[in-house]
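Quick notes on the structure that follows.
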Number of protein chains: 2
Amino acid sequence: MSSRPTSFDELDRKIVTALMANARTSFAEIGADVGLSATAVKRRVDRLRETGVITGFTATVRPAALGWRTEAYVEVYCEGAAPPRRLAEVVRNHPEITAAMTVTGGADALLHVRARDVEHFEEVLERIRTEPFIRKTISVMVLSHLIPDSPEAGTSQPAPEDAGERASDVRRPG
Amino acid sequence: MSSRPTSFDELDRKIVTALMANARTSFAEIGADVGLSATAVKRRVDRLRETGVITGFTATVRPAALGWRTEAYVEVYCEGAAPPRRLAEVVRNHPEITAAMTVTGGADALLHVRARDVEHFEEVLERIRTEPFIRKTISVMVLSHLIPDSPEAGTSQPAPEDAGERASDVRRPG
DNA sequence: TCTGAAATATAGGCCCT
DNA sequence: AGGGCCTATATTTCAGA
């Protein structure tokens, strides 16, 4: 995980852009775009991965299609000092937490949470509040995305493992 | 881009999981895991894309490696009614905004912003506040990620066009 | 859904600058 | 160090059935 800058030139930039647009683009095709052979592109991609510029390749999924229709940000306030280490442990206990970070401001941490519906979200929230560290939470529910294709709109969701139901078999309230 | 779920079974679930873990996994390898031929896997992936479950494949990039070292969430308060349509226009004017959504609570919208450094972030913030609609903003800076590999930690950033330590113009990915 | 063959892509080896 | 060319191995893709 060296974050050491080796050289990062124009060509690397273009290659990364191409792979962000479509991670399955062939090296030959990228090469044709940037003016390199497939081999050269592959070598650069390998290097970009080794140096940690590219950390992986992933499918972007529309959470709603998998039955994840509810999304919220949760500000977390902790008892006394909240060492990030212990917060990280807590966060790992709840698969519905798709992102978590320490932040400036009154709260100690900000969580991004995905749930199937409001009922499920309430359950997650109660679970989180049960954690010994947590003093209080403030939730902000996401209503609609203004940038539909932004990664946070589509990419961040629990793995389908955690999806209790199928896209074609979503539980109804009541 | 029909958002209607056709059938979505166990096999699809596994395929999606595999592609989320590594979008460049070969269909043959996925097939070996789930007990299908490469051809069958490809057909299912094609269908998952057609039905909009999978919206694309992308490289995940460590923003810091490209010179994006500052990240914040910005709550936006608007003058009077804030039609999402107009908010969306405003948001599109600022490539550093990597996600934007309307939310419950006091604020009208929540923005996710990436900048090269605090100076750059301040500049972005001033630009945003200049927009006719915006009445006030409250910023929460991200200090550290508790889930290092969550998509929001690594995937969401402006395109590498703007990378490096250069203060050149910025464009939106895609 | 599988099989099988043809078209593509990849991962190295090797040599050049 | 980085790039191109070549080749063996995999993979994708398109026919069948």
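Values in this document were obtained by computation on a predicted structure and should not be read as measured data. In what follows, chains carry the letters A, B, and so on, assigned in the order in which the sequence lines appear, proteins first and then strands, with residues in each chain numbered from 1.
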If you define the side chain from C-beta out and look only at heavy atoms, does anything of B/T102 sit under 4.5 Å from A/S144? yes

Any side-chain to backbone donor/acceptor pair from B/R69 onto B/A64? Under 3.5 Å, distance only. yes

With a 3.5 Å distance limit and no angle check, can you tell me whether A/R24 reaches the backbone of B/T25 through a side-chain donor-acceptor pair? yes

Just by protein heavy atoms under 4.0 Å, how would nucleotides 2-14 of chain D read 5' to 3' in B, S and -? -BBBB----SSBB

Assigning hydrophobic clusters by single linkage (Ile, Leu, Val, Met, Phe, Trp, Tyr; side-chain heavy-atom cutoff under 4.5 Å), is A/V16 placed with A/V45? yes

Would you call B/D108 and B/R135 a salt bridge, using N to O less than 4.0 angstrom? no

